[in-house]
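Predicted, not measured: the structure shown is a model, and the values here were computed from it.
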Amino acid sequence: QVQLVESGGGLVQPGGSLRLSCAASGSIFTIYAMGWYRQAPGKQRELVAGIDIGSVNYADSVKGRFTISRDNAKNTVYLQMNSLKPEDTAVYYCNANLNGYVYWGQGTQVSVSS
């Protein structure tokens with residue numbers, strides 16, 4: 001069974017940093033794309049950052065502050081979040097297209113507050 005396991009969320013002060021990790025496990029033959037979405041209370045889920053075979057893309061609100069990367073040997077995607085703002089507070093979900101199917105992680109809470 002293919003699974004996505006997330007870690008790295010927590011509480012941080014404005015201007016601080018967090019690094020999220022998402023490891024894919026199971027019978028993974030092809031990773032077409034991996035990325036991160038987030039959902040704040042009362043709001044729709046939105047794409048934060050994604051990486052596929054040929055490109056990397058970011059939401060306008062996080063460009064210059066967040067960096068997505070991938071370690072193919074570990075089947076893991078990371079999201080380095082710097083200069084965090086209160087509006088970044090949300091549940092962050094790992095998303096991946098593995099073997100041609102879309103999978104979601106369980107979500108990890110990121111809270112930015114003084």
Exercise. Are Val2 and Ile31 connected, step by step, through hydrophobic side chains (Ile, Leu, Val, Met, Phe, Trp, Tyr) whose heavy atoms are closer than 4.5 Å?
Worked result: yes
For this session: State, yes or no, whether a side-chain contact exists between Met81 and Arg65 at a heavy-atom distance under 4.5 Å.
Result: no
For this session: Considering non-hydrogen atoms only, spot the tightest contact between Ser114 and Pro14 and give its length.
Result: OG-CD, 3.6 Å
Problem set entry | Connected via hydrophobic side-chain network under 4.5 Å: Ile53 and Tyr58 | no
Exercise. To the nearest 0.5 Å, how far apart are SG in Cys22 and CD in Gln106?
Worked result: 8.0 Å
Exercise. Any chain of hydrophobic side-chain contacts (each under 4.5 Å) joining Val91 to Tyr37?
Worked result: yes
For this session: Under the side-chain contact (heavy atoms from CB on, under 4.5 Å) rule, what do Arg38 and Ser61 come out as? Steps first, then yes or no, please.
Result: CA-CA 12 Å; Arg38 68 185 181 188; Ser61 60; 3.3 Å; yes
Problem set entry | Straight-line distance of Ser25 OG to Lys74 NZ, nearest 0.5 Å | 15.0 Å
For this session: Take Leu20 and Val110, measure what side-chain contact (heavy atoms from CB on, under 4.5 Å) needs, and give me the verdict at the end.
Result: CA-CA 9 Å; Leu20 305 183; Val110 172; 4.1 Å; yes
Exercise. For the atom pair CG (Asp71) and CE (Met34), what is the distance rounded to the nearest 0.5 Å?
Worked result: 10.5 Å
For this session: Spell out, yes or no, whether Val62 and Leu47 are grouped together once hydrophobic residues are joined by side-chain heavy atoms under 4.5 Å, including indirect joins.
Result: no
Problem set entry | Asn99 side chain to Phe29 backbone, donor-acceptor under 3.5 Å | yes
Exercise. Do side-chain atoms of Glu6 reach the backbone of Gly107 as a donor and acceptor pair under 3.5 angstrom?
Worked result: yes
Exercise. If you measure from CG on Leu98 to OG1 on Thr30, what distance do you get to the nearest 0.5 Å?
Worked result: 9.0 Å
For this session: Taking all heavy atoms of Gly16 and all of Val12, pick out the closest pair and write down the distance.
Result: CA-CG2, 3.7 Å
For this session: Please work out whether the ring planes of Phe66 and Tyr92 are parallel, tilted or perpendicular, with thresholds of 30° and 60°.
Result: tilted
For this session: Grab the two heavy atoms, one from Asp52 and one from Ala33, that are nearest each other, plus how far apart they are.
Result: CB-CB, 3.8 Å
Exercise. If you take all heavy atoms of Asn82 and Ser17, which pair is closest and at what distance?
Worked result: OD1-OG, 2.9 Å
Problem set entry | Minimal non-hydrogen separation, Tyr32 against Gly100, with atom names | CE1-N, 3.4 Å
Exercise. Honestly curious: do Ile51 and Tyr101 fall in one hydrophobic cluster under the side-chain, below-4.5 Å linking rule?
Worked result: yes
Exercise. Quick check: are there more than 12 heavy atoms from other residues, nucleotides or ligands sitting under 6.0 Å from CD of Glu87?
Worked result: yes
Exercise. Can you find a pair of side-chain heavy atoms, one from Trp104 and one from Cys94, that are under 4.5 Å apart?
Worked result: no
Exercise. Within the distance-only criterion (no hydrogens, no angle test), does the side chain of Thr89 pair as donor or acceptor with the backbone N or O of Val112 below 3.5 angstrom?
Worked result: yes
Exercise. Should Lys85 and Asp88 count as an ion pair when the cut-off is N to O under 4.0 Å?
Worked result: no
Problem set entry | For Leu18 against Leu84, the heavy-atom pair lying closest together | N-CD1, 3.9 Å
Problem set entry | Candidate pair Tyr93 and Leu4, rule side-chain contact (heavy atoms from CB on, under 4.5 Å), full reasoning | CA-CA 10 Å; Tyr93 296 91; Leu4 300 178; over 6 Å; no
